[in-house]
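Data block below; observations after.
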Amino acid sequence: IVNVLGCFTMGLLTGLMALKLNLSQEARAFITTGILGGFTTFSAFSLDFAYLVERKQLAAAGSYALASVVISLIAVFAGMNLIRTLYAA
């Protein structure tokens with residue numbers, strides 16, 4: 001959930017920075033990679049995946065990895081599109 005929320009927030013912020021906020025590249029990198037990147041680490045995801053593999057629950061591990069990546073990517077696009085829609089006028 002944290003990764004999905006983080007990806008959605010990343011989409012919102014990058015859309016907002018592209019359309020409304022006049023920030024330097026350094027500030028953009030600090031906000032997205034520095035602050036938000038620290039929030040959305042994949043360490044918990046990786047540990048959960050490793051536990052599933054070690055328990056020989058390979059189907060669950062594969063499903064978990066695929067769903068996590070796909071849902072996170074969808075969340076990024078949803079956040080970007082929401083900002084574009086809100087600021088299209």
Side-chain angles (χ1 to χ4, degrees):
I1 292 173
V2 169
N3 288 330
V4 173
L5 177 61
C7 288
F8 181 74
T9 304
M10 185 74 80
L12 289 174
L13 283 175
T14 56
L16 197 57
M17 287 186 288
L19 296 174
K20 290 293 178 184
L21 301 177
N22 186 17
L23 299 175
S24 68
Q25 284 299 106
E26 293 81 10
R28 290 176 189 221
F30 175 72
I31 292 169
T32 57
T33 306
I35 295 173
L36 196 53
F39 174 68
T40 60
T41 62
F42 269 81
S43 57
F45 161 78
S46 300
L47 184 60
D48 289 341
F49 180 83
Y51 285 154
L52 289 170
V53 170
E54 287 181 346
R55 292 181 186 133
K56 308 271 190 261
Q57 297 175 338
L58 301 181
S63 297
Y64 176 58
L66 182 64
S68 294
V69 171
V70 169
I71 292 170
S72 295
L73 290 172
I74 290 169
V76 167
F77 283 105
M80 290 168 58
N81 286 327
L82 177 60
I83 290 297
R84 287 182 184 136
T85 301
L86 291 173
Y87 290 101

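We count residues from 1, following the sequence as given.
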With Leu12, the side chain to side chain contact (heavy atoms under 4.5 Å, CB included) member among Leu82, Val76, Leu86: Leu82

Shared hydrophobic cluster for Tyr87 and Met80 (ILVMFWY, side-chain gaps under 4.5 Å): no

Determine all donor-acceptor pairs shorter than 3.5 Å in which one atom belongs to a side chain in residues 48-61; sequence neighbours excluded.
{"residue": "Asp48", "atom": "OD2", "partner": "Tyr64", "partner atom": "OH", "Å": "3.3"}

Hphob cluster co-occupancy, Leu19 + Met17, side-chain heavy atoms under 4.5 angstrom: yes

Any Leu13 side-chain heavy atom under 4.5 Å of Arg28 side chain: no

Donor-acceptor under 3.5 Å (Thr14 side chain, Gly11 main chain): yes

Interatomic spacing from SG in Cys7 to CD1 in Ile74 - rounded to 0.5 Å: 11.0 Å

Hydrophobic cluster identity match, Val70 and Phe8, side-chain contacts under 4.5 Å: no

Donor-acceptor contact below 3.5 Å, side chain Arg84 vs main chain Gly15: no

Min side-chain heavy-atom separation Phe39-Thr9 under 4.5 Å: no

Heavy-atom check, side chain of Phe45 versus side chain of Val2, under 4.5 Å: no

Side chain to side chain contact (heavy atoms under 4.5 Å, CB included) partner of Met10, the single match among Ile31, Leu36, Leu5, Thr33: Leu36

